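Contents: one structure, followed by commentary.
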Amino acid sequence: FETKSNQTNYSHMKASIKSAESEDVEAEAWWECRGTKHRSMLCGGKKGNFESLRYVGDSGDVLVCESILHPKDSSKKKARVTWRFQRDP
């Protein structure tokens with residue numbers, strides 16, 4: 001995990017929480033790429049582990065949110081969706 005920079009401490013966080021499906025999961029969150037990308041994981045859900053990556057792209061005009069399901073069932077493929085939110089002019 002990349003959790004620190006010369007100017008700011010980007011602390012790695014870990015906590016037990018309830019998921020949107022009311023499951024007890026372990027949540028982790030940290031900053032990467034010198035504090036420009038935020039990654040989080042929800043681990044221990046019935047369907048598998050959920051990963052999220054958020055960052056600003058296109059010179060600051062687009063917020064990119066990537067969500068990935070890492071299924072528990074090894075016969076299933078990883079599922080991924082990417083959302084791009086354009087800044088209003």
Side-chain angles (χ1 to χ4, degrees):
F1 303 115
E2 182 178 323
T3 58
K4 59 185 174 181
S5 119
N6 292 338
Q7 298 175 4
T8 306
N9 180 18
Y10 300 109
S11 297
H12 176 247
M13 303 293 294
K14 188 172 185 178
S16 297
I17 65 168
K18 289 265 188 208
S19 72
E21 291 83 17
S22 297
E23 297 175 319
D24 293 318
V25 295
E26 290 295 314
E28 296 185 66
W30 62 94
W31 289 96
E32 299 176 341
C33 300
R34 298 165 74 171
T36 61
K37 293 186 177 188
H38 186 264
R39 188 177 304 270
S40 60
M41 296 284 295
L42 293 179
C43 300
K46 290 179 185 175
K47 295 178 184 177
N49 299 328
F50 289 90
E51 177 181 1
S52 294
L53 179 63
R54 291 164 300 284
Y55 55 93
V56 176
D58 294 337
S59 301
D61 290 332
V62 176
L63 173 63
V64 181
C65 302
E66 299 179 31
S67 296
I68 306 158
L69 168 62
H70 302 275
K72 258 187 189 174
D73 183 343
S74 61
S75 69
K76 295 189 177 188
K77 290 185 178 183
K78 181 169 40 175
R80 176 188 297 259
V81 63
T82 301
W83 296 91
R84 297 179 184 277
F85 301 91
Q86 179 74 41
R87 182 189 303 255
D88 284 339

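Just so we're clear, the structure is a prediction, and the values are computed from it rather than from any experiment.
Inter-residue side-chain proximity for Val25 and Ile17 is flagged as met; some heavy-atom pair is nearer than 4.5 Å. For the pair Trp30/Lys14, no side-chain contact is recorded, criterion being any heavy-atom separation below 4.5 Å from C-beta on.
Contact between Leu42 and Ala27 at its shortest, heavy atoms only, is CD2-CB, 3.5 Å. Heavy-atom minimum distance, Ser16 versus Glu26: OG-OE2, 2.5 Å. Of all non-hydrogen atoms in Lys18 and Asp24, the two that sit nearest each other are NZ-OD1, 3.0 Å. Taking each heavy atom of Val64 and Arg84 in turn, the nearest pair found is CG2-NH1, 3.4 Å.
Across Arg39, Glu32, Glu66, a single residue satisfies side-chain contact (heavy atoms from CB on, under 4.5 Å) together with Tyr55, and that is Glu66.
Remark: the backbone N or O of Pro71 is not paired with any side-chain donor or acceptor of Asn49 at under 3.5 angstrom. Although no hydrogens or angles enter the test, the distance criterion places no donor-acceptor pair under 3.5 Å between the side chain of Glu51 and the main chain of His70.
Using a 4.5 Å cut-off between side-chain heavy atoms of Ile, Leu, Val, Met, Phe, Trp and Tyr, with links allowed through other members, Leu69 and Trp83 fall into different hydrophobic clusters.
Using a 3.5 Å distance cut-off with no hydrogens or angles, the side chains of Ser59 and Asp61 do not pair a donor with an acceptor.
Interatomic distance, CG of Leu53 versus OG of Ser40, reported as 8.5 Å (0.5 Å rounding).
Within 6.0 Å of the CZ atom in Arg54, the count of heavy atoms belonging to other residues, nucleotides or ligands exceeds 12. Heavy atoms of other residues, nucleotides or ligands lying less than 6.0 angstrom from NZ of Lys72 number more than 12.
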